[in-house]
Amino acid sequence: MDYQHQEIEQRWQSAWEDTGLYRSVVDWSRPKYYALTMLPYPSGDLHMGHWYAMTPSDARARYMRMKGYNVLFPIGFDAFGLPAENAAVQRNIHPAKWTYENIDTMRVQLRSMGAMFDWEREAVSCDPAYYRWTEWFFKRMFEHEVAYRSEAMVNWSPTLQTVLANEQVIDGKDERTGQPVVQKMMEQWFFALTDYADELLSFDGVDWPEPIKTMQTNWIGRSEGAEVTFITEAGDEIVVFTTRPDTLWGATFMVLAPEHALVDSLTTDEHRAAVEEYRLQAAAQSELERMEESREKTGVFTGGFATNPVNQEQIPVWIADYVLLSYGTGAIMAVPAHDQRDFEFARHFGLKIQPVIHPTGEDELVEPDMTESYVGPGVMVNSGPIDGVATTDAKGRANPSIAATIDWLEEQRAGKEAINYRVRDWLISRQRYWGSPIPMVHRTDGSVEPVADADLPVVLPEDVEFEGRSPLAELKEFVTTTDSQGRPARRETDTMDTFMCSSWYWFRYLSPKCDDAPFDPEEAAYWLPVDVYTGGAEHAVMHLLYARFFVKAMRDMGVFDDTVRVMQEHRRDPSGLFDEPFMVLRNQGQVLGAERTGDRLVVNGEWDQGRLLASAVRVDPDAAPDAGDVVGELWRRTENLLQVETGQGLVAVEVAVDAVVEIPAIPGSNDVTQLNHHLEIQRMSKSKGNVVNPDELVVEHGADTVRTHLMFAFEWQKGGPWDERGIAGSRRFIEDVWKLGVADYAPEATNDEASLALRRKVHQTIAKVDADMVDFKWNTAVAALMTLRNTMLDALRAGRVSDAAWTEALETLLKLLAPIAPHITEELWHRIGYAESIHLQAWPEADPEIAAEDVVTMVIQVNGKVRDRLEVPASISAEEAEEAAMATEKIRVWLEKGEVRKVIARPPKLVNIVVG
RNA sequence: GCCCGGAUGGCGAAACCGGUAUACGCGGCGGACUUAAAAUCCGCUGUCCCGUUUGGGGCGUGCAGGUUCGAGUCCUGCUCCGGGCACCA
């Protein structure tokens with residue numbers, strides 16, 4: 001009767017599947033619970049991180065089910081994206097084939113976890129039945145003017161002839177080829193995310209971690225201030241946004257972004273050549289170069305002037321790349337006396353500096369003596385109507401000087417109060433193939449129209465050639481189409497950002513086969529909204545912000561109208577249910593590989609313009625620093641570049657695109673995708689990880705052990721490096737549970753006290769595990785179960801507890817462990833004689849009376865230091881406690897050292913005697 | 001630079017409202033079983049000092065202060081680590 005984990009786990013996994021144990025069906029007579037875990041990207045295989053994220057989510061879903069909820073816990077795949085296209089280029093496999101093969105592998109692996117996923121509800125975002133509705137949502141966005149087309153500065157790769165997403169650009173270079181990326185103006189599709197900026201700043205009614213809320217708030221970056229209009233000599237208006245309108249009287253020049261529309265008309269002939277050159281330079285500059293030069297301000301004078309509306313002063317207009325076209329209005333008023341960047345710029349180019357704040361408690365600022373700008377509090381001076389008004393560190397109208405200035409500006413019609421956001425509208429256009437098509441056609445007159453709903457989805461053509469960029473634009477059959485009037489038209493060849501697919505997937509889970517709407521209102525009315533969402537904190541801003549935006553936009557477009565109607569039919573109050581997608585959010589940390597030194601490379605080659613053209617690359621853990629031209633740890637691999645950390649900094653090593661760097665830690669062939677996967681898992685700056693394959697661990701120890709250990713070994717929110725050895729403890733625990741479960745318990749001489757002691761422990765454990773499950777504190781829940789295991793092993797050996805107490809203990813242990821280790825508990829549950837699944841049992845309830853200790857250890861302190869301990873009845877009174885404390889032998893010794901000044905009694909735990 | 005989060009044994013980590021610091025586990029040490037090893041079982045395991053049989057005491061939660069009868073927990077000022085944002089007007 002050994003514990004045969006493989007046999008047990010496989011048998012139960014099929015049994016659960018056969019009986020449909022995890023099908024979730026709408027049942028209005030029961031309370032619902034929608035538990036969601038972030039859907040995986042089908043990168044190839046499931047790694048430890050997936051297990052770490054998903055098994056606690058699964059345990060929580062199981063717990064809620066045992067608590068009596070009708071739980072929905074679905075799964076799917078976020079299947080569009082760049083890695084599939086890279087695979088296509090590198091290995092000549094169609095992205096669809098690569099993706100679906102990976103999905104097949106991952107389905108098997110996901111099943112091996114023993115999670116209660118309802119596979120009937122699986123959704124795959126690259127399936128036309130799915131992206132039909134992604135396109136449908138785009139159309140609704142377009143119809144409601146949430147989707148629009150506009151010029152924008154984008155990351156353009158001249159090598160690939162395509163726009164790259166920000167996340168594909170690393171240090172100003174294309175992540176994959178290592179070639180430079182430039183900034184370019186292009187017409188792109190956007191979603192008007194900023195329309196919802198204010199609503200997105202509010203987290204009312206949702207329970208999300210504070211750090212995530214802070215990150216989103218900072219990302220949205222609301223700033224309060226004013227818009228002020230300056231007039232050029234030619235009569236054009238230059239609108240600027242400022243958070244410090246009160247310093248307008250100190251504005252001594254203006255700076256426009258090099259790309260600003262008014263630069264041409266402002267530039268005088270004398271300065272035109274310099275301006276043109278600067279603009280070219282700025283456009284060619286990669287982000288990396290800009291960062292390097294961020295110390296020194298650059299810029300050129302346009303020769304033009306504008307009028308400061310508050311004092312009619314003519315001030316020079318410059319252009320400089322520290323002013324960004326994408327933030328505010330792309331133009332600033334420069335107040336060098338009270339803004340450090342402006343100060344540096346003014347000093348560098350010898351421009352006028354005019355102080356307008358008299359600092360509190362200091363002498364008046366004298367321009368030539370200033371070594372930096374003054375940004376502290378004080379009193380306004382040289383500022384006409386607001387002279388003498390106090391200025392503080394407060395922002396917006398809370399600052400008296402700003403409030404006074406805004407009032408004055410509005411009265412004079414020279415400006416108005418304004419709010420600006422750091423967040424930009426969501427750029428969703430991607431010049432990629434493997435994404436959801438944008439269902440639009442361009443008419444010959446330049447206007448656009450959406451594809452008719454009946455013609456959705458616009459299907460991705462399959463017979464295409466890959467050369468590293470999207471083939472759609474080159475594919476005549478795809479591009480050539482007609483508009484609704486039958487006139488020739490050109491099909492949109494951009495596809496959508498994959499974040500769009502993941503912005504609504506939890507709706508598709510509700511009814512993945514629904515073909516007349518994105519989701520079935522009957523299902524939605526019951527299951528929505530998501531009650532708990534679990535996943536990685538790395539999605540703090542992008543995915544989680546887009547998802548919130550999406551739901552708010554859907555609500556305003558009436559997408560939930562039918563759902564609301566069904567809810568009302570069932571007397572469910574819909575108010576507030578469609579404002580936010582996820583009511584509770586919890587993040588797990590990252591599990592990394594075991595500690596080890598990184599992959600130590602020895603590279604010989606030839607130096608060329610700061611990079612090493614490799615002639616030989618080998619892995620040698622013991623390589624000495626002079627063994628090759630470059631020796632160091634492999635940090636990153638792109639198609640033709642290796643980043644090697646030498647200890648003195650990163651060195652770029654150029655290799656052939658098909659170069660194979662054999663790394664012993666990675667089994668099998670070693671292509672770019674695999675190597676990046678390997679490097680990603682060891683992502684940590686100091687300690688390097690190692691790939692830990694969960695499949696191997698499952699074979700060796702069983703899914704129950706792996707699940708238990710992942711929940712036990714770390715603080716879930718924090719994660720940490722995987723320790724190969726630690727799993728032994730969890731394995732022993734699971735085997736002990738087996739031992740307890742199959743033990744033929746036969747008490748020799750039962751003893752009421754022993755029985756009660758066991759029962760007490762059992763009920764204390766229920767209370768502890770229950771509280772921990774609610775709070776996602778898996779490690780202490782498992783620890784409590786291990787303690788119960790220890791108590792039960794002792795009881796089994798002693799044979800003093802009654803049969804009833806033993807049975808209660810065993811059944812409780814199995815039920816409490818069932819969410820964490822679903823297979824072994826199911827097996828033992830049946831072995832002790834039950835026919836129905838343990839996963840359908842009710843969660844045990846703690847009886848506080850049984851759990852209560854009647855004798856407790858009371859600590860006796862003298863001057864705050866523990867001097868003695870005493871076993872006392874839990875019901876002891878303060879007087880009795882005090883008396884007992886003073887009476888012990890040890891304490892009497894301490895009492896002789898002085899006079900008792902005070903006694904603090906906190907019965908039954910503590911008495912503190914102050915002696916002095 | 002700005003904004004978050006963190007720091008507890010050799011290691012992963014516990015500690016409700018301020019009330020026994022180190023639960024649970026790993027590792028280590030000693031012992032039992034064994035021809036032996038593995039597995040398993042039992043005991044010990046913060047640190048220093050005195051007694052060294054049984055015990056007693058000092059010091060200990062990144063650092064320096066403070067509040068309190070009492071601080072890992074609260075307050076002030078730092079240091080280091082992790083994450084996010086970054087010429088944001």
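The structure displayed is predicted, hence computed values, not measured ones. Below, read A as the first sequence line, B as the second, and so on, with proteins coming before strands; counting in each chain starts at 1.
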- Nearest-Å distance once atom C1' is located in both A21(B) and U61(B): 7 Å
- Phosphate OP1/OP2 of U20(B) contacted by R867(A) side-chain N/O (<4.0 Å): no
- Query: On a plain distance test, is the side chain of N218(A) in donor-acceptor contact with the base of C2(B) below 3.5 Å?
  - Reply: no
- Round to a whole Å and report the spacing from CZ of F712(A) to C1' of C26(B). 8 Å
- Query: Using the C1' atom in both, what is the distance from C16(B) to C2(B), to the nearest Å?
  - Reply: 36 Å
- Query: Centre of W219(A)'s six-membered ring, under 6.0 Å away, within 45 degrees of the axis: is that where NZ or CZ of R422(A) sits?
  - Reply: yes
- Compare the minimum distances between each of G19(B), C41(B), A89(B) and the side chain of Q861(A), then state the nucleotide with the smallest one. G19(B)
- Is there a Watson-Crick or G-U wobble partner for C44(B) with both distances under 3.5 Å, and if so, which one is it? G28(B)
- Item | Rounded distance in Å between the P positions of A39(B) and C50(B) | 39 Å
- Presence of N863(A) side-chain N/O under 4.0 Å of G70(B) phosphate oxygens OP1/OP2: no
- Assign each of K865(A) and G330(A) to its nearest nucleotide of RNA chain B by heavy atoms, then name whichever residue's nucleotide is nearer the 5' end. K865(A)
- Item | Pi-cation contact, F203(A) with R548(A) (under 6.0 Å, within 45°) | yes
- Nearest nucleotide by nearest heavy atom, which residue falls closer to the 5' end of RNA chain B, K902(A) or D339(A)? K902(A)
- Any cation-pi pair here, K352(A) with F253(A), using under 6.0 Å and within 45°? no
- Query: Does N790(A) put a side-chain nitrogen or oxygen below 4.0 Å from OP1 or OP2 of A23(B)?
  - Reply: no
- Give none if G9(B) has no partner; otherwise give the nucleotide forming a Watson-Crick or G-U wobble pair with it, both distances under 3.5 Å. none
- Task: Could you point out which residue of H338(A), Q340(A), R347(A) forms a side chain to side chain donor-acceptor pair (under 3.5 Å) with S373(A)?
- Result: Q340(A)
- Message: Is there, by distance only and without an angle test, a donor paired with an acceptor across the side chain of E210(A) and the base of G5(B) below 3.5 Å?
- Response: no
